[in-house]
Amino acid sequence: MPMIVIVILLSVVPFNNGTAMYALNGFDYFALFFGAFLLVVGLAIFQTGTFEGLTKVGQYMGNSLSSQPKYFVIVVFSFLLGALITCAEPSIIIVSSQIEINSFLLIGSIAVGVGVFVVIGVIRITQHASLKVWYLFFYLIVFLLICLIAVDDTSRKFLPFIFDAGGITTGSATVPFILALGTGIAIARGKHPHEDSFGLVGMASIGPIITMTILLLVNRSGFDPYKIENPNAYADIGGVFGDIVRALLPSGATHLGSLIEVGMALAPILLIFFIYEAIYIKLPKAEILRLINGFIMSYIGLVIFLTGVGAIMSPFGTRVGMALGAVSSDWLIIGICFVIGLVTIVCEPAVHVLTTQINEASDGYIKKSTILFALSIGVGAAIALSAIRSIFNFNIMYIIVPGYFLSLALMFATPNLYTAMAFDAGGTASGPMSVSFVLPMIIGITKSKHNLPIESVEYYTQSFGVVALIAMMPILTIQLLGVYLQVKKLIQLRVTRGVIADPNDAQIIHF
């Protein structure tokens, strides 16, 4: 609802020299509310199915793999399920349908990266290794590889998209599964179960950045130019439902439609899990039927959600962005983007999964509202920075490099639990709403502000990177929150000691 309210306000409030930014007719309002209905219903069914299906798979796999004596079994099945569940992530499916890159190549590269780093994260938990040292090591590898990309003029244009690949990985499908997998293994084999339950999502976000960098190093010519859709106002009801049907059903070799795409994404997960289950777990039939029911609900919900995104929500994001780009005041654009960022985080379902687990892991000490506030500020700043990049056209590395170096430096001042939570929060903040509405909006701002053609490589340079910033800024805000709460706790302890101190304490201790 906050997103819908903002879209409507921008169409009626006279921001732009006494006039509204754009006009919505009756069919537009119908499309907007019907699209919102599809998103809400689809995501609700998908989330329910996820908790009954994908999350249960993660719990069963985590508990079972933790007791496996053979590392080979742990490695193979952690990789397969980590990679395959990534293929069912809504954010990845949305982005793959928006850009002119072979979908199988894009999703396959990202899935391999996630699978490999889920395995690395699981091994770290079982070996009781320091999460901070592993983050430091792998981010050093990331930036060394990025240097190889940055020296080439053609490849450099796609750096923002490479970092976006890490952000779109973890969303409403992968986060519940990876959190459940990490929790199961941490409880059985972890040295510090509460701390080790977190950090696996953040580790999984590193893999796609590395695999996409390697893909670009192999193909120096880069990707095909991004082609923006130029959405117009709806003329009748038929136009609304026509877009929905086109998003739902296959049309040609490149557009499979959400009906086919979702089936192709979920079927391998079900197959691999039931092979493992038949060999090692052996669940009762009632539980197997419950899992199948969860997967069916996930399929139905994800089909509805992706249909609403592709047909209505993404085009509206582009319309809003193009209207914002036409506003004369740059700072007004940046301010509106900041406000949109504040409410975007509330719309991300994976965030609520993470905040609930943080609240439970801290026995209620870290409140959900505190984490949500910190995330909102971070995402608001990220989208505002993306708008600034789009308007003034400067390299994203001026933000990414200092941002990640600061976050890596803060690790040594932040308690271990907050470090793990921060990197997980970065992964969960960039979910379906970010890629379905915010990314098209920034692309629309770029097109309108710089009068770019419909098809151009410059969109990769100036517009992409918003998901990467949404993934990075919450890491910093949660780490700073951890430092603040740690200092606050130390002050409270000092005050408490002063209150209960007694002049005879020293004598008693001496005696």
Task: Contacts of type side chain to side chain contact (heavy atoms under 4.5 Å, CB included), residue Ile269, not counting sequence neighbours - done: Leu54, Leu81, Leu84, Ile85, Ala88, Leu266, Phe295
- [ ] Evaluate whether atom CZ of Phe394 has more than 12 neighbouring non-hydrogen atoms of other residues, nucleotides or ligands under 6.0 angstrom away.
- [x] yes
Task: Phe274 CZ: over 12 foreign heavy atoms closer than 6.0 Å - done: yes
- [ ] Measure across Lys449 and Val327 and return the closest heavy-atom pair with its distance rounded to 0.1 Å.
- [x] NZ-O, 3.2 Å
Task: CG on Leu291 to CZ on Phe273, rounded to 0.5 Å - done: 5.5 Å
Task: With sequence neighbours excluded, residues passing side-chain hydrogen bond (donor to acceptor under 3.5 Å, both in side chains) with Glu277 - done: none
Task: Atom pair CG/CG of Leu480 and Leu485 - distance to nearest 0.5 Å - done: 11.0 Å
Open item on the list: What's the separation between atom CG in Leu249 and atom CG in Leu259, rounded to the nearest 0.5 Å?
Closed with: 6.0 Å
- [ ] Evaluate the side-chain proximity of Leu106 to Met212: yes if any heavy-atom separation is below 4.5 Å, no if none is.
- [x] yes
Task: From Leu342 atom CG to Leu375 atom CG, the distance as rounded to the nearest 0.5 Å - done: 11.5 Å
Task: Contact list for residues 429-450, test ring-ring contact (aromatic ring centres under 6.0 Å, His included), sequence neighbours left out - done: none
- [ ] Could you check if a side-chain atom of Val339 sits within less than 4.5 angstrom of a side-chain atom of Ile336, using non-hydrogen atoms only?
- [x] no
- [ ] Could you pull out all residues at least two apart from Glu455 that satisfy salt bridge (charged side-chain N to carboxylate O under 4.0 Å, His left out)?
- [x] none
- [ ] Output yes when a side-chain donor or acceptor of Ser314 lies under 3.5 Å from a complementary backbone atom of Ser436, and no otherwise.
- [x] yes
Open item on the list: Gln479: which residues meet the side-chain hydrogen bond (donor to acceptor under 3.5 Å, both in side chains) condition with it, sequence neighbours left out?
Closed with: none
Task: Side-chain heavy atoms of Val201 within contact of Phe423, under 4.5 Å - done: no
Task: Atom pair CD1 (Ile340) and CD1 (Ile383), whose distance is rounded to the nearest 0.5 Å - done: 7.0 Å
Open item on the list: Whether the side chain of Thr307 engages the backbone of Ala247 through a donor-acceptor N/O pair (distance < 3.5 Å, no angle test) should be reported.
Closed with: no
- [ ] List the steps, then state whether side chain to side chain contact (heavy atoms under 4.5 Å, CB included) holds for Ile396 with Phe163.
- [x] CA-CA 10 Å; Ile396 193 174; Phe163 279 96; 5.5 Å; no
Open item on the list: How close do Leu200 and Gly121 get, counting heavy atoms only, and between which atoms?
Closed with: CD1-CA, 3.4 Å
Open item on the list: Is there a side-chain contact between Asp243 and Ile312 in this structure, where contact means two heavy atoms from C-beta onward sitting under 4.5 Å apart?
Closed with: no
Task: Side-chain donor/acceptor of Ser64 to backbone N/O of Tyr60, under 3.5 Å - done: no
Open item on the list: Looking at every non-hydrogen atom in both residues, tell me the closest pair between Ala111 and Cys87 and how far apart they are.
Closed with: CB-SG, 3.9 Å
- [ ] Please examine the side chains of Val116 and Phe79, heavy atoms only from C-beta on, and report whether any two atoms are closer than 4.5 Å.
- [x] yes
TODO: Can you sort out the partners of Tyr276 under ring pair (Phe, Tyr, Trp, His ring centres under 6.0 Å), two or more places apart, ordered by chain and number?
DONE: Phe77, Tyr280
TODO: Take Ile454 and Lys227 through the test side chain to side chain contact (heavy atoms under 4.5 Å, CB included) and record every step on the way to the result.
DONE: CA-CA 6 Å; Ile454 292 177; Lys227 186 176 181 180; 4.1 Å; yes
Task: Leu452 and Ile228: CA distance, side-chain angles, deciding distance, side chain to side chain contact (heavy atoms under 4.5 Å, CB included) verdict - done: CA-CA 10 Å; Leu452 290 178; Ile228 187 174; over 6 Å; no
Task: Residues forming a ring pair (Phe, Tyr, Trp, His ring centres under 6.0 Å) with Tyr459, sequence neighbours excluded - done: Tyr226
Task: Within-4.5 Å side-chain heavy-atom neighbours: Ile168 and Ile110 - done: yes
Task: Residues forming a side-chain hydrogen bond (donor to acceptor under 3.5 Å, both in side chains) with Asp224, sequence neighbours excluded - done: none
Task: Centroid separation Phe464 to Phe161 less than 6.0 Å - done: yes
Open item on the list: Tell me the closest heavy-atom pair linking Val379 and Pro474, and the distance in Å.
Closed with: CG2-CG, 4.1 Å
- [ ] Assess whether side chain to side chain contact (heavy atoms under 4.5 Å, CB included) is satisfied between Val467 and Val95, documenting all intermediate values.
- [x] CA-CA 11 Å; Val467 180; Val95 170; 6.0 Å; no
TODO: Could you check if a side-chain atom of Val343 sits within less than 4.5 angstrom of a side-chain atom of Val5, using non-hydrogen atoms only?
DONE: no
Task: Straight-line distance of Leu43 CG to Phe305 CZ, nearest 0.5 Å - done: 5.0 Å
Task: Contact summary for Leu469 and Ser386, nearest pair of heavy atoms - done: CD1-OG, 3.5 Å
- [ ] Please identify each residue that fulfils side-chain hydrogen bond (donor to acceptor under 3.5 Å, both in side chains) with Asp28, with sequence neighbours left out.
- [x] Arg319
Open item on the list: Any heavy-atom pair between the side chains of Met441 and Cys337 that's under 4.5 Å?
Closed with: yes
TODO: I would like to know whether Thr169 and Ser205 meet side chain to side chain donor-acceptor pair (under 3.5 Å); could you show each step before the answer?
DONE: CA-CA 6 Å; Thr169 301; Ser205 300; 5.9 Å; no
Task: Qualifying side-chain hydrogen bond (donor to acceptor under 3.5 Å, both in side chains) pairs, either residue in residues 290-300, two or more places apart - done: Glu52-Arg290
Open item on the list: Which residues pass the ring pair (Phe, Tyr, Trp, His ring centres under 6.0 Å) test with Phe158, not counting sequence neighbours?
Closed with: Phe223, Tyr460
TODO: Return the set of residues passing salt bridge (charged side-chain N to carboxylate O under 4.0 Å, His left out) with Lys56 (not counting sequence neighbours), or none when no residue passes.
DONE: none
Task: Thr446 side chain to Ser390 backbone, donor-acceptor under 3.5 Å - done: no
- [ ] State, to 0.1 Å, how close Phe198 and Ala420 come at their nearest heavy-atom pair, and which atoms those are.
- [x] CB-CB, 3.5 Å
TODO: Indicate yes or no for a side-chain donor-acceptor contact from Asn25 to the backbone of Tyr234 under 3.5 Å, with no hydrogens or angles considered.
DONE: yes
